[in-house]
2 protein chains.
Amino acid sequence: MGITKSQIFTEQQNDLAQFFKVLGHPARVAILQYISNQNACICNDLVEEIGLAQATISQHLKELKSIGLLNGEVEGKSMCYCINVERWTYLQNRLNAFFNTTKSNCC
Amino acid sequence: MGITKSQIFTEQQNDLAQFFKVLGHPARVAILQYISNQNACICNDLVEEIGLAQATISQHLKELKSIGLLNGEVEGKSMCYCINVERWTYLQNRLNAFFNTTKSNCC
DNA sequence: AATTAACATCGTAATATTGCAATATTAAAA
DNA sequence: TTTTAATATTGCAATATTACGATGTTAATT
């Protein structure tokens, strides 16, 4: 079917999974790493840097924005995409909470 | 195309993304949480607990096994699936390293 | 030996994702 | 005002994922 049965899971489970899912593509990992190594980020750089078509990069940026990880500011003709540090930290804490509370008790 | 261009990314980026991807489904999050709340885990419990068909649960378990997060032991007719604590910790450290080294420097 | 219980695997339908070319859109530059 | 540069959006093809019924497989039970 290809459709996830979200309604049988809790909201926490769904949005935790959504965070993981967005990070679950090497292009998006690479984009975040590249942005963090720059003082400024311009989308066009990413096209050359990553090696995917402009439309594809734009799409990946959109997904990263969808979970609040990126802020985009218009700078003339260009865009300046930056990591939203507050959200970044929130996400890291959220994932750590998941790892810390989910422990093995058997075998 | 639906196919990820893995060859243009580093091995680190690809397997980090793979970890995220496997965790990026609410059923798999739920499975890990359920296992952690039990002293033993039997797959059949999961079918009732999660509310997906037995074949579907089996498939999700397979994906969790594929990144080494679950150990499965045969126990008579049943299976005992457990979290591989060593791998679990490795993964947590790996993700934290990603979060800590990827920082924002602009805007 | 037949039955049953607990999974795993296969096949398949429905939907999602990835990627790109083509085409907007927007703002600076000429 | 036309042109150009940078990015977004649309439409589509190829592939991946999700889910489940049907069918194996294996081991305990009868």
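So you know, we letter chains A, B, ... as the sequences are listed, proteins then strands, and number each from 1. Predicted model, so just to flag it, every value in this text is computed and none were measured.
Nucleotide dC7(C) holds its C1' atom 14 Å from the CD1 atom of Ile31(B), rounded to whole Å. In this structure, NZ of Lys77(B) is placed 17 Å from C1' of dG24(D), rounded to the nearest angstrom. Remark: P of dA6(C) and CD of Glu48(B) are 9 Å apart, rounded to the nearest angstrom. The separation between Gln59(B) atom CD and dA16(D) atom C1' is 12 Å, rounded to whole Å. Rounded to whole Å, the distance from CG on Leu46(B) to P on dC7(C) is 9 Å. Here dT17(D) presents its P atom at 12 Å from NE2 of His60(B), a figure rounded to the nearest Å. The nearest whole Å value for the distance from the CZ atom in Phe20(A) to the C1' atom in dT17(C) is 20 Å. Here dA28(D) presents its P atom at 14 Å from CD1 of Ile42(B), a figure rounded to the nearest Å.
One N or O donor and one acceptor, one from the side chain of Gln54(B) and one from the base of dA8(C), sit under 3.5 Å apart.
Phosphate proximity of dA8(D) to Tyr81(A): present, with a side-chain N or O under 4.0 Å from OP1 or OP2. Taking side-chain N and O atoms only, Lys5(B) has a distance below 4.0 Å to OP1 or OP2 of dC20(C). Taking 4.0 angstrom as the limit, Ser58(B) places a side-chain polar atom (N or O) nearer than this to OP1 or OP2 of dA8(C). Taking only side-chain nitrogens and oxygens, His25(B) comes nearer than 4.0 Å to OP1 or OP2 of dA19(D).
When each of Asp45(B) and Gly24(A) is assigned the nucleotide of DNA chain C bearing its nearest heavy atom, the one mapping closer to the 5' terminus is Asp45(B).
A continuous path of hydrophobic side-chain contacts links Phe99(B) to Val22(B) [ILVMFWY only; heavy atoms under 4.5 Å].
Ile57(B) comes within contact range of no nucleotide atom at all, as no heavy-atom separation falls under 4.0 Å. Looking at heavy-atom distances under 4.0 Å, Ala55(A) makes contact with a base. Counting any heavy atom pair closer than 4.0 Å across all strands shown, Thr56(B) reaches a base atom.
Over its length, the helix from dA1(C)-dT30(D) to dA30(C)-dT1(D) turns its helix axis by 10°, as judged from the five terminal pairs at each end, rounded to 10°.
Distance from the side chain of Lys21(B) is smallest for dT17(D) among the nucleotides dT17(C), dT17(D), dT18(D).
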